[in-house]
Participant: 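Before I ask anything, let me first share the structure, which is written out below as structure tokens.
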Amino acid sequence: MTDVMAQTPVTPDGRLGRAEEHPGHADRAYVRRRDRIAALATGHRVGAPSPLVEYTEEEHATWRTVLAALADAQRGRVCEAVAEARKRTPVPEGHVPQHAEVGDRLHELTGFRFTLAGGIVPNARFLGSMADGYFHAVQYVRHPAMPLYTFEPDVLHDMLGHGTHLCDPWFAELYRTVGRAAARVTSDDALDLISRVYWYTLEYGVAHEGGRPKAYGAALLSSYGELRRFDRADIRAWDLADIASRPYQVAGYQPVLYAVESLDRLAETLHGFLDDFDESTRDRLGLPPLERRGFMGRPAPR
């Protein structure tokens, strides 16, 4: 992963570098605050109410800055269905909301609620919970010096990116489809396959619309930097075999994105892969085993 797109922005002016250089790693006061909030998820039961967080004015200001920037960055770069869903997304403009403030409204619309995460969640729990209408979300806010890019999911990514999907019944059903497939399997191999397909669709998905590629994935919707660099990505036609072996990195711009022909085609693709997914799917489709797939880079442990 030596391509510049695989690196992480580490300064407000866009210089790229290693994830450890990002102020979200390097600022120890920020890390302590982030870790205190993340620790609230220790022992948390899926579906239990999330504890309240007393956000600072600086964190509320970061929320406002990002929402304003994303409104501009998304214009003309996202699928029309996503743009319409964004208008209905129940996120406040002026402050960082509590999980219940947004999740209760999502539940009214699609049956989904947020359940608490402290960071990256193991595949079996993260994916499988979607079958029951729960999406794992964190509560901490990205670093104020870098409001337009975060190397890890934060509350803005979860509530604005995934919240946009989860207020829409059509997208919410795709999340449930992922969850039902994950709930049927137990092996790391099978769960990794589902995770990779999820990554290149509901996180980093692209669809052709109006003769050009448009973003629909939640990670793209919530990343000003990646939306603005969208035209520099290597956007390829959907290819399951390539996705199954593609190295990918969580903490950085994605160098390769995969585009489906349309959002209708996305639904056909996911249902075709996941509706009868089981432990034999890998061999049935001739996909590589886990040990021969490309690595997945995650943020460095704290």
Participant: Going by heavy atoms in the side chains, are Val78 and Leu221 under 4.5 Å from each other?
Facilitator: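 Yes, close enough: below the 4.5 Å cut-off.
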Participant: Donor-acceptor check, side chain of His99 to backbone of Gly103, threshold 3.5 angstrom: yes or no?
Facilitator: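 It does not hold such a pair.
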Participant: Would a distance-only check, ignoring hydrogens and angles, find a side-chain to backbone donor-acceptor pair under 3.5 Å from Asp132 to Tyr134?
Facilitator: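 Between the backbone of Tyr134 and the side chain of Asp132 there is no qualifying donor-acceptor contact (under 3.5 Å).
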Participant: Are side-chain N/O atoms of Tyr216 and Glu209 paired as donor and acceptor at under 3.5 Å?
Facilitator: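 The answer is no; no qualifying pair exists.
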Participant: Counting C-beta onward and ignoring hydrogens, is there a side-chain heavy-atom pair between Val53 and Tyr140 closer than 4.5 Å?
Facilitator: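 No; the side chains remain at least 4.5 Å from each other.
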Participant: Does atom CD of Glu54 have more than 12 heavy-atom neighbours from other groups under 6.0 Å away?
Facilitator: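 For Glu54, atom CD is not crowded (no more than 12 foreign heavy atoms under 6.0 Å).
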Participant: Report, as yes or no, whether the 6.0 Å neighbourhood of atom CD on Glu58 holds more than 12 heavy atoms from other residues, nucleotides or ligands.
Facilitator: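 Atom CD in Glu58 is not packed in, count stays at 12 or less.
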Participant: Whether the side chain of Glu279 engages the backbone of Ser187 through a donor-acceptor N/O pair (distance < 3.5 Å, no angle test) should be reported.
Facilitator: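 Yes, the answer is positive, given that a donor and an acceptor are paired below the 3.5 Å cut-off.
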Participant: Would you say that Arg105 contacts Cys167 through its side chain, given a criterion of any heavy-atom pair below 4.5 Å between the two side chains?
Facilitator: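 No, their side chains stay 4.5 Å or more apart.
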Participant: Leu193 versus Val185: any side-chain heavy-atom pair under 4.5 Å?
Facilitator: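 No, every pair of side-chain atoms sits at 4.5 Å or beyond.
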Participant: Without hydrogens or angle criteria, can the side chains of Glu59 and His95 be said to hold a donor-acceptor pair below 3.5 Å?
Facilitator: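 Note: Glu59 and His95 side chains miss the donor-acceptor criterion.
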Participant: Are any non-hydrogen side-chain atoms of Thr89 and Arg86 less than 4.5 angstrom apart?
Facilitator: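 In contact.
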Participant: Given side chains that start at C-beta, do those of Leu266 and Leu174 come closer than 4.5 Å, heavy atoms only?
Facilitator: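 Sidechains of Leu174 and Leu266: in contact.
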Participant: Checking Trp63 side chain against Pro92 main chain: does a donor-acceptor pair fall under 3.5 Å?
Facilitator: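 Yes: the side chain of Trp63 pairs with the backbone of Pro92.
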Participant: Mind checking whether Val66 and Arg142 have side chains closer than 4.5 Å, heavy atoms only?
Facilitator: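 Yes, their side chains come closer than 4.5 Å.
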Participant: Are any of the side-chain heavy atoms of Val10 and Arg18 separated by less than 4.5 Å?
Facilitator: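 SC-SC contact between Val10 and Arg18 ruled out.
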Participant: Can you find a side-chain donor-acceptor pair between Ser262 and Asp264 that sits under 3.5 Å?
Facilitator: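 Note: Ser262 and Asp264 side chains miss the donor-acceptor criterion.
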Participant: Between Arg228 and Tyr224, do the side chains contain an N or O donor and an N or O acceptor separated by less than 3.5 Å?
Facilitator: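 Yes, a side-chain donor-acceptor pair sits under 3.5 Å.
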Participant: Flag the pair Asp189 and Arg293 as a salt bridge only when some basic side-chain nitrogen lies within less than 4.0 angstrom of an acidic carboxylate oxygen.
Facilitator: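 Here Asp189 pairs with Arg293 in a salt bridge, since their nearest N and O are under 4.0 Å apart.
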Participant: Within the supplied structure, the quantity of interest is the number of heavy atoms (other residues, nucleotides, ligands) at a distance under 6.0 Å from Glu261 CD; does it exceed 12?
Facilitator: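 No, CD of Glu261 has 12 or fewer neighbouring heavy atoms, counting only those of other groups under 6.0 Å.
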Participant: Does the side chain of Arg246 come under 3.5 Å of the side chain of Tyr258 through a donor N or O and an acceptor N or O?
Facilitator: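 Tyr258 and Arg246 do have a side-chain donor-acceptor pair below 3.5 Å.
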Participant: Please check if the number of heavy atoms outside Asp278 that lie under 6.0 Å from its CG is greater than 12.
Facilitator: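 Count over threshold, so yes.
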